[in-house]
Amino acid sequence: MSITKRFWVSLILSLPMLANMLLMPFGWMLPGGAWTQLVLTTLIMLISARPFWQSAWASFTKHHANMDTLVAIGTATAYVYSLYAMLTGQAVFFESAAFVTTFVLLGQVFEERMRRNSANAVEKLANLQAKEAEVQRGDRFVKVPLADVQLGDVLRVKPGQKVPVDGVIVQGSSTIDESMVTGESLPVTKQVDDAVIGATQNGTGTFLFRATKIGENTMLAQIVELVKKAQNSHAPIQKLTDKVSDIFVPVVLSLAIATFLIWYVFLGASLANALIFAVSVVVIACPCALGLATPTALMVGTGRGAKMGILIKNGEVLEAVNDVKTVVFDKTGTITVGHPQVTDVIGDEARVLTLAASLEEASEHPLAAAILDRAQALALTVPAATNFHAIEGKGVQATVAGQTAVVGNHKLVADFALTEAMQRQVVALQDAAKTVVFVGLGDQIIGLIAIQDVPKSTSREAIADLKARGLKTVMLTGDNQRVATAVAQQVGIDQVIADVLPGDKADHVRQLQQTGKVAFVGDGINDAPALTTADVGIAMGSGTDIAIDAGGIVLVKNDLRDVDRALALSRKTFNRIKLNLFWAFIYNVLGIPVAAGVFYAIGLTLSPELAGLAMAFSSLSVVTSSVLLNRAKIRTKVRTTA
Amino acid sequence: MIKIFVLLGGLLAIGFIFWWFFGQHTTQTVAAAVSGERQRVDVEVNGGYSPERIVLKQGVPAELHFTRKDASSCLDRVVFSDFGINQELPQNQERVIQIDTSRPGDYQWACGMDMFHGQLIIK
């Protein structure tokens with residue numbers, strides 16, 4: 001029989017006794033008196049309370065005790081004593097056994113519902129997936145179930161449809177709402193060669209894409225897997241409750257017996273009163289609230305994070321975030337865009353870029369890519385160059401339209417004439433930490449191209465948010481001091497550690513750890529050791545798989561502002577765990593003495609019925625408080641407006 | 001006189017509780033039966049888990065068949081936190097849990113409220 005049914009049976013059979021209790025002062029008595037109570041309570045015991053006894057007994061034979069043990073012993077004591085009292089013609093308290101059963105079941109009914117609510121974040125995520133896909137077979141598109149999509153298939157997505165799997169667009173363009181996976185609220189424009197994510201919502205365009213990841217390799221599947229693991233992970237703070245729960249029930253039973261002995265043997269209370277105190281002690285102690293405090297909050301907190309595009313991997317991370325004092329950033333790809341861009345062109349822009357592009361076309365140097373990107377963006381027609389040859393350590397030379405052209409670094413300048421004005425500009429650009437490329441034609445330098453890995457537009461705000469939270473911000477980079485300082489100034493970082501060899505990042509993190517816990521934010525393969533070393537590793541979602549594996553928190557959206565949100569959410573969740581544990585403990589620490597009659601002298605006592613109600617509400621309140629975490633405001637702007 | 005007997009009885013009961021629940025009692029350990037390419041263990045859930053300690057062979061895909069006999073909501077889920085598994089166990093229905101045995105070690109499992117525990121050893 002389900003818990004809900006057992007509850008209803010118990011409630012309906014208890015009602016006459018409740019009426020009896022409430023109406024007694026007005027002279028109304030339950031017809032049949034104690035006999036009616038006996039019949040009603042016996043039915044409740046047989047139908048609603050029996051599973052408690054079965055479970056308690058099964059546990060007992062395995063040397064375990066749980067909450068069912070307490071309920072079973074509490075109700076059985078009240079019931080058996082009442083039978084004895086009836087036989088000897090004394091006052092009975094059948095209703096205590098009946099009410100306690102009803103209240104405990106009420107608590108369990110609610111609790112079951114709430115627990116289901118807190119667990120469904122993952123199901124919702126998994127249900128985002130499209131059910132079928134339109135796959136190209138020959139020259140037609142056919143609808144197939146999602147499971148039949150093969151790697152490399154070309155799929156069609158029409159307006160308003162869901163993207164079935166991860167892939168790359170091969171034809172067409174559209175805007176896609178990726179909020180369900182990345183948490184990014186604005187639709188993103190996608191063109192040929194852009195990556196699309198399965199389970200995201202296509203806007204108004206139709207496009208074809210090639211499946212690059214299917215099944216459990218898709219981003220959504222991996223997120224679901226991560227969240228599942230996180231939700232069921234252990235937070236270190238739980239070790240405390242693990243210990244307590246092991247000894248809790250036997251200790252409470254012993255306390256109850258002691259309560260009875262003290263009242264009956266030493267204080268001379270009547271058998272009935274002494275028993276009532278003992279039963280109250282047994283009933284109010286609720287190990288469930290303790291056990292539920294951490295897992296439910298963890299479940300809701302990590303589930304909510306997933307919706308925001310912040311994947312918190314486990315409870316340990318959550319707890320570590322609480323004490324973080326320093327946030328260390330990798331520069332390239334984390335604070336900056338990650339690939340150099342042309343920021344300034346001195347001289348005739350079109351002419352300088354055209355010439356530079358024709359010389360760099362065959363090059364794979366990252367600076368060359370920046371120049372070619374810019375030339376493409378300006379739709380310049382680039383003439384072909386011939387007679388390439390590299391000038392060792394300086395640049396490249398070639399023949400363009402019959403003239404000798406060169407592109408290279410400052411070492412080229414020695415062979416060329418440079419105007420005074422240009423010389424000044426070179427210094428100014430270099431002071432701004434930009435790499436300057438010289439473009440020469442004939443024996444003249446005709447222009448300069450300044451290239452820099454620019455900070456992401458959100459970096460400055462992200463770092464200001466963290467500083468407002470009172471955290472120290474540090475940038476770790478392999479770049480030279482001047483470039484690093486310039487970027488740091490642009491985004492407002494406190495401290496710069498430059499010229500760091502890739503292998504030394506973890507060492508620097510270790511040094512910073514001496515002054516407090518450190519969070520490291522990075523994305524590259526070379527960041528993995530630092531991500532692991534740091535107390536909290538935060539991997540950018542655009543990063544390499546290795547970095548994502550090494551990080552404790554993954555930011556799907558690749559937005560640096562999420563670092564602050566992740567910290568805020570983790571803190572909120574951890575504080576909620578602490579609050580839950582506090583309440584769960586308080587219930588018992590205060591409840592048990594009151595139930596034992598310690599405050600009898602000042603008239604404060606707890607009947608078994610009230611104890612049952614309090615117990616039901618303790619676990620209920622803990623689960624409710626966890627579920628409310630879904631509504632809690634995640635404050636990111638700690639900055640005051642002043 | 002009666003009170004002295006009650007007192008003695010009560011103290012004995014407390015003593016029994018401590019001995020019964022905190023004393024050293026052997027836990028039931030079961031090694032998985034390997035048949036061909038897989039290994040399986042049946043776990044009965046009734047006031048705890050029997051067996052409570054399971055030994056699995058490393059590298060052989062393992063199935064744990066959980067059947068909950070107990071009506072208690074305490075035991076209606078089984079959680080393997082190291083494997084990210086949180087499986088609902090409807091009463092009297094067998095549920096199969098696949099365990100990845102690639103990494104040896106000692107793992108814990110627990111009920112949904114972390115009250116009952118079991119131990120999983122992969123070696």
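Reminder, nothing fancy here: chain letters follow the sequence lines and each chain counts from 1. The analysis underlying the following values was restricted to heavy atoms, covering all of them including side chains, and did not include hydrogens, waters or symmetry mates.
Among Ser2(A), Ala58(A), Pro295(A), the residue with the largest count of heavy-atom pairs under 4.5 Å with chain B is Ala58(A). Comparing Gly9(B), Ser50(B), Ala13(B) by heavy-atom pairs within less than 4.5 Å of chain A, the highest count is held by Ser50(B). When His63(A), Gln54(A), Arg50(A) are compared by the number of non-hydrogen pairs under 4.5 Å with chain B, His63(A) comes out ahead. Between chain A and the residues Glu52(B), Glu88(B), Gln91(B), Lys69(B), the most heavy-atom pairs under 4.5 angstrom are made by Glu52(B). Chosen from Leu75(B), Asp82(B), Ile85(B), Val6(B), the residue pairing most often with chain A at heavy-atom distances under 4.5 Å is Val6(B). The residue among Ile2(B), Asp70(B), Leu11(B) with the most heavy atom pairs within less than 4.5 Å of chain A is Asp70(B). Heavy-atom pairs under 4.5 Å with chain B were tallied for Pro250(A), Ala56(A), Pro51(A); the largest tally goes to Pro250(A).
Inter-residue side-chain proximity for Leu255(A) and Val282(A) is flagged as unmet; no heavy-atom pair is nearer than 4.5 Å. You'll find the side chain of Trp8(A) stays beyond 4.5 Å of the side chain of Leu105(A), heavy atoms only. Met45(A) places a side-chain heavy atom less than 4.5 Å from the side chain of Trp53(A).
Neither the backbone nor the side chain of Phe5(B) comes within contact range of chain A, judged by heavy atoms closer than 4.5 Å. Of the atoms belonging to Tyr49(B), it is backbone heavy atoms, and not side-chain ones, that fall under 4.5 Å from chain A. Only the side chain of Phe22(B) has a heavy atom closer than 4.5 Å to any heavy atom of chain A. Only the backbone of Thr61(A) comes within less than 4.5 Å of a heavy atom of chain B; no side-chain atom from C-beta onward does. Within the 4.5 angstrom heavy-atom criterion, only backbone atoms of Phe83(B) (N, CA, C, O) approach chain A. When heavy atoms are compared at a cutoff of 4.5 Å, Ile247(A) approaches chain B by way of both its backbone and its side chain.
Between Ser626(A) and Asn580(A), the shortest heavy-atom distance links the atoms OG-ND2, 3.0 Å. Listed here is the closest heavy atom pair of Ala274(A) and Trp263(A): CB-CB, 3.8 Å. The heavy-atom pair separating Thr101(A) from Ala49(A) by the smallest distance is CG2-CB, 3.9 Å.
Between Phe60(A) and Trp20(B), the ring centre distance stays below 6.0 Å.
Side chains of His65(B) and Glu94(B): a donor-acceptor N/O pair is present below 3.5 angstrom, by distance only.
To the nearest 0.5 angstrom, Leu64(B) atom CG is 7.0 Å from Trp109(B) atom CH2.
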